[in-house]
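Sequence lines set the chain letters: A, B, ... in the order given, protein chains first and strands last, and positions in each chain run from 1.
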There are 2 protein chains.
Amino acid sequence: MKKLSFAEENYLKAVYHLSNAGELDVSTNSIAEEMDTKAASVSDMLRRLSEKEMVVYRKYQGVKISEKGKTAALQVIRKHRLWEVFLVEKLKFNWDQVHEIAEQLEHIKSPLLIQRLDDFLGHPKFDPHGDPIPDENGLFKEKPQVPLAEVEISGDGIVVAVKDTNSMFLQHLDRIGIYLGAKTKVTEKVEFDGSMEILVDGKNKLFISKEVAENVLVTH
Amino acid sequence: MKKLSFAEENYLKAVYHLSNAGELDVSTNSIAEEMDTKAASVSDMLRRLSEKEMVVYRKYQGVKISEKGKTAALQVIRKHRLWEVFLVEKLKFNWDQVHEIAEQLEHIKSPLLIQRLDDFLGHPKFDPHGDPIPDENGLFKEKPQVPLAEVEISGDGIVVAVKDTNSMFLQHLDRIGIYLGAKTKVTEKVEFDGSMEILVDGKNKLFISKEVAENVLVTH
DNA sequence: AATAATTTTTAGATTAATCTAATTTTATTT
DNA sequence: AAATAAAATTAGATTAATCTAAAAATTATT
Ligand SMILES: [Mn+2]
Ligand SMILES: [Mn+2]
Ligand SMILES: [Mn+2]
Ligand SMILES: [Mn+2]
């Protein structure tokens with residue numbers, strides 16, 4: 001198994017994520033959208049990844065990631081998330097600044113480097129956005145989590161992750177005072193538009209939109 | 001000025017190094033040898049780098065790096081050496097293990113990342129092989145240095161750098177006990193084969209070959 | 001079931017980076 | 001100054017990754 005190119009690794013990651021960790025079949029168009037490229041380019045890449053047995057590809061029927069592909073994708077994801085931890089914990093980046101840099105760093109090839117980085121960081125289990133970091137064997141466990149939008153009125157929780165990792169969204173959370181680890185209590189829910197009122201850490205009263213409520217994940 | 005590709009950055013670095021920091025003209029063949037590629041590929045790349053005004057290229061006459069090219073090359077070198085420091089100081093790599101990984105890391109594009117990394121490392125002025133680290137403006141100063149081979153008998157020095165950064169050579173230095181910062185005194189010189197006897201840190205008597213003596217650089 | 005709409009693939013180009021083989025230019029030797 | 005050797009460039013292919021436009025397959029709608 002020859003080394004994968006950056007492009008191949010990016011496609012594999014996209015297929016993995018879109019397939020919900022390899023469960024579902026993924027459509028050409030959804031990959032094209034996720035990767036901001038054209039469907040024709042995706043078809044081409046799927047053919048090549050299929051030849052390398054990284055995916056199971058049936059023309060017009062969608063694609064499924066293979067075990068081999070899953071293993072590869074999980075190692076790239078592991079690297080991405082470890083580098084994100086490094087950037088935030090060691091280099092003092094904000095959580096909204098790390099994604100693009102990690103997109104580059106995730107492609108550095110050196111198993112020893114990642115092992116040492118993991119040691120250096122103290123074997124973190126989650127990245128700065130609350131996403132789980134797979135171990136060397138691709139194993140990880142997610143914290144049980146629910147979108148704030150689905151919490152009942154007067155329900156308590158702790159913010160454990162964000163669904164959207166877009167920079168604008170994260171900056172908005174910073175501004176209103178939502179962060180990983182914050183304690184939340186839903187004090188009011190508005191049926192009409194899905195917005196809600198919550199109490200953060202027992203003292204900050206916040207009104208949040210449906211979009212925010214759907215993208216903040218709390219323990220359950 | 002659009003972003004340079006990895007290949008372009010590697011070529012620029014090679015031209016810079018071979019030209020003795022941009023002084024001399026560089027031949028196509030020397031670049032091909034340095035980069036372990038074919039002369040035809042070099043000609044092609046020189047034409048492209050020339051169009052981007054990173055080098056001044058006169059067919060059949062060799063190439064010279066431009067000011068623009070020098071600036072770019074120095075930033076890649078800066079990144080390479082900062083990452084090497086990181087790998088040795090923070091991730092506990094040995095100085096013979098860092099070059100290949102830094103060859104990859106040097107191409108990560110993010111000025112902020114490098115600034116933060118530099119801060120994190122405490123603004124080191126030299127890399128693990130004693131090579132100077134250019135600052136954001138490409139400025140650096142080299143320690144005055146001489147190959148051990150050129151030191152007179154009974155001459156003292158401190159090891160400040162190595163010329164060769166090949167893994168085998170560095171491991172050999174580890175084995176015999178030569179390291180950056182070691183105090184040296186030349187106790188005997190053999191005309192016949194260029195080998196010499198030295199005293200390290202006033203206590204270790206060592207016999208070293210001409211190859212070693214030429215590649216260990218000491219203060220003068 | 002036929003038609004229309006959507007999705008996906010293929011055909012054909014383009015760009016970067018590489019190679020081998022042939023040609024051209026420059027340098028060295030008779 | 002020719003002839004020869006060496007160095008460098010060009011010509012022509014190849015591979016990866018992308019694109020636009022056309023064709024084919026699948027899905028949805030009358
Ligand atoms: Mn990436
Ligand atoms: Mn993340
Ligand atoms: Mn490199
Ligand atoms: Mn170095």
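Set against D:dT18, D:dA8, C:dT9, the side chain of A:S43 has C:dT9 as its closest nucleotide. Comparing atom distances between the B:E8 side chain and each of D:dT9, D:dT20, C:dA17 picks out C:dA17 as nearest. The A:A7 side chain lies nearest to D:dA17 when the options are D:dA17, C:dC19, C:dT8. Checking D:dT18, D:dA8, C:dA11 against every side-chain atom of A:S41, the shortest atom distance belongs to D:dT18. In this structure, of C:dT25, C:dT20, C:dA17, it is C:dA17 that holds the atom nearest to the side chain of B:S5. Residue A:Y11 has its side chain nearest to D:dT18 when only D:dT18, C:dA17, D:dT20 are considered. Listed nucleotides: D:dT9, D:dA25, D:dC19. Nearest to the side chain of A:T37: D:dC19. Here the nucleotide nearest the side chain of A:N29, chosen from C:dT8, D:dA16, C:dT9, is C:dT8.
The aromatic rings of B:F120 and A:F120 sit perpendicular to each other, their planes meeting at more than 60°, with 30° as the lower class boundary. Ring geometry, B:H107 versus B:F6: the interplanar angle falls under 30°, so the pair is classed parallel (tilted spans 30 to 60°).
We find that CD of A:E33 is positioned 12 Å from P of C:dT8, with the value rounded to whole Å. Look at OH on A:Y57: it is 10 Å from C1' on C:dT10, rounded to the nearest Å. Per the geometry, CG belonging to B:N10 stands 14 Å off C1' belonging to C:dA16, to the nearest Å.
Contact check, A:K59 against C:dT10: a side-chain N or O comes under 4.0 Å of OP1 or OP2. A sub-4.0 Å separation between OP1 or OP2 of D:dT9 and a side-chain N or O of B:T28 is present.
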Evaluate the criterion salt bridge (Lys or Arg N to Asp or Glu O under 4.0 Å) for residue pair B:R116 and B:D119; output intermediate values, then yes/no. CA-CA 5 Å; B:R116 292 285 171 86; B:D119 291 347; 5.1 Å; no
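Comparing A:A39 and A:Q61 by the nucleotide of DNA chain D whose heavy atom lies nearest to each, the residue mapping closer to the 5' end is A:A39.
Looking at B:R78, B:K79, B:R81, B:K13 one by one, the single match for side-chain hydrogen bond (donor to acceptor under 3.5 Å, both in side chains) with B:E106 turns out to be B:K13.
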